[in-house]
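Index from 1, following the sequence.
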Amino acid sequence: MPNFFRLNEYGYQVQFADYIRREADIMTMAVGLIIHGDQAEAILQDKKADLVAVGREFIHNPNWAMDAAQKLGVDPTFSAVPPQMGYWLEKRARRGFGGNPSTWQKGIAADS
C-alpha cells in the first residue's frame with residue numbers, strides 16, 4: 001500500500017483511476033498533483049480517466065482554467081471568460097506587452 005503522505009510525483013493517483021476504469025468498467029476521476037493543463041489533457045486523451053480534478057491548484061491559481069485554455073490554444077481571444085475580463089486580457093495579449101502572465105509555466109514537460 002503506498003504511503004500517500006510521502007508521494008509527490010505529478011499524477012501519483014492517476015494509475016488507480018486508470019486501473020478501476022479498466023477493471024470495473026466504470027467512469028473515474030483522476031486526482032493527485034494534477035497541476036498543468038497539458039498534463040490534465042494527456043490523462044483524458046490517454047483514456048486513463050474520464051474526468052480530472054484540479055483541487056489545490058485552483059487554490060494556488062484561481063484562474064487555472066483560463067490559463068490552461070490559453071496554453072493549450074483553446075481560447076486565444078479570451079472569449080470563454082466574462083466579457084469584462086476578456087476584453088482587457090485580449091487587448092493586452094494583442095498589444096504584446098513583452099512578457100508572459102504571472103502564472104505562465106510551459107507545462108509538465110518543462111518540469112521534467
Side-chain angles (χ1 to χ4, degrees):
M1 180 66 140
N3 181 347
F4 290 107
F5 295 105
R6 298 182 76 73
L7 293 174
N8 60 357
E9 295 175 8
Y10 288 126
Y12 68 91
Q13 294 192 56
V14 173
Q15 63 183 324
F16 302 118
D18 182 34
Y19 179 80
I20 293 168
R21 184 177 190 275
R22 285 184 287 108
E23 296 299 318
D25 193 30
I26 60 172
M27 294 178 76
T28 60
M29 180 184 306
V31 301
L33 280 179
I34 299 170
I35 67 167
H36 295 291
D38 59 343
Q39 175 192 14
E41 183 65 16
I43 292 165
L44 297 172
Q45 292 296 323
D46 294 345
K47 299 191 183 319
K48 293 184 177 183
D50 300 287
L51 298 168
V52 173
V54 183
R56 290 187 189 138
E57 192 59 22
F58 263 110
I59 296 169
H60 176 73
N61 176 5
N63 296 309
W64 186 90
M66 181 177 64
D67 187 54
Q70 288 289 300
K71 291 173 186 169
L72 293 171
V74 175
D75 188 20
T77 62
F78 298 96
S79 60
V81 300
Q84 304 89 325
M85 294 168 50
Y87 172 80
W88 294 107
L89 292 170
E90 196 275 330
K91 184 176 180 178
R92 180 179 72 175
R94 202 172 356 105
R95 185 176 67 228
F97 71 100
N100 291 316
S102 61
T103 57
W104 188 265
Q105 293 179 349
K106 292 197 182 290
I108 196 165
D111 289 346
S112 299

Peer 1: Quick check for you: to the nearest 0.5 Å, what is the distance between Arg21 atom CZ and Asp50 atom CG?
Peer 2: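 If I round to the nearest 0.5 Å, the distance is 4.0 Å.
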Peer 1: Do Ile34 and Val14 come within less than 4.5 Å of each other through their side chains, counting heavy atoms only?
Peer 2: yes
Peer 1: Check for me, please, whether Met85 and Tyr87 land in the same ILVMFWY cluster - side-chain distances under 4.5 Å, paths through other members count.
Peer 2: no
Peer 1: Is a side-chain N or O of Gln39 found less than 3.5 angstrom from the main chain of Ile35, in a donor-acceptor match?
Peer 2: yes
Peer 1: Are Gln70 and Asp75 packed together at the side-chain level, in the sense that at least one heavy-atom pair is separated by less than 4.5 angstrom?
Peer 2: yes
Peer 1: To the nearest 0.5 Å, how far apart are CZ in Phe78 and CZ in Arg94?
Peer 2: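 These two atoms lie 11.0 Å from each other.
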Peer 1: A quick test of your reading: do over 12 heavy atoms of other residues, nucleotides or ligands sit less than 6.0 Å from CZ of Phe58?
Peer 2: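 Yes, CZ of Phe58 has more than 12 neighbouring heavy atoms, counting only those of other groups under 6.0 Å.
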Peer 1: Taking the side chain as C-beta and beyond, is there a heavy-atom pair between Met66 and Leu89 under 4.5 Å?
Peer 2: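 In contact.
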Peer 1: With a sphere of 6.0 Å drawn around CZ of Arg22, does it hold more than 12 non-hydrogen atoms of other residues, nucleotides or ligands?
Peer 2: yes
Peer 1: Write down the atom of Pro76, the atom of Gly73, and the distance for their closest heavy-atom approach.
Peer 2: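 Closest approach of Pro76 to Gly73, heavy atoms only: CD-O, 3.8 Å.
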Peer 1: Should Leu72 and Asp38 count as side-chain neighbours, where that means a heavy-atom distance under 4.5 Å?
Peer 2: yes
Peer 1: Hey, quick one: are Trp64 and Val52 part of the same hydrophobic cluster, counting side-chain heavy atoms closer than 4.5 Å, chains of contacts allowed?
Peer 2: yes
Peer 1: Supply the atom-to-atom distance Arg95 CZ to Trp88 CH2, rounded to the nearest 0.5 angstrom.
Peer 2: 9.0 Å
Peer 1: Let me have the donor-acceptor pairs involving side chains of residues 42-49, under 3.5 Å, with sequence neighbours excluded, atom names and distances please.
Peer 2:
from  : atom 1 : to    : atom 2 : distance (Å)
Gln45 : NE2    : Glu41 : OE2    : 2.8

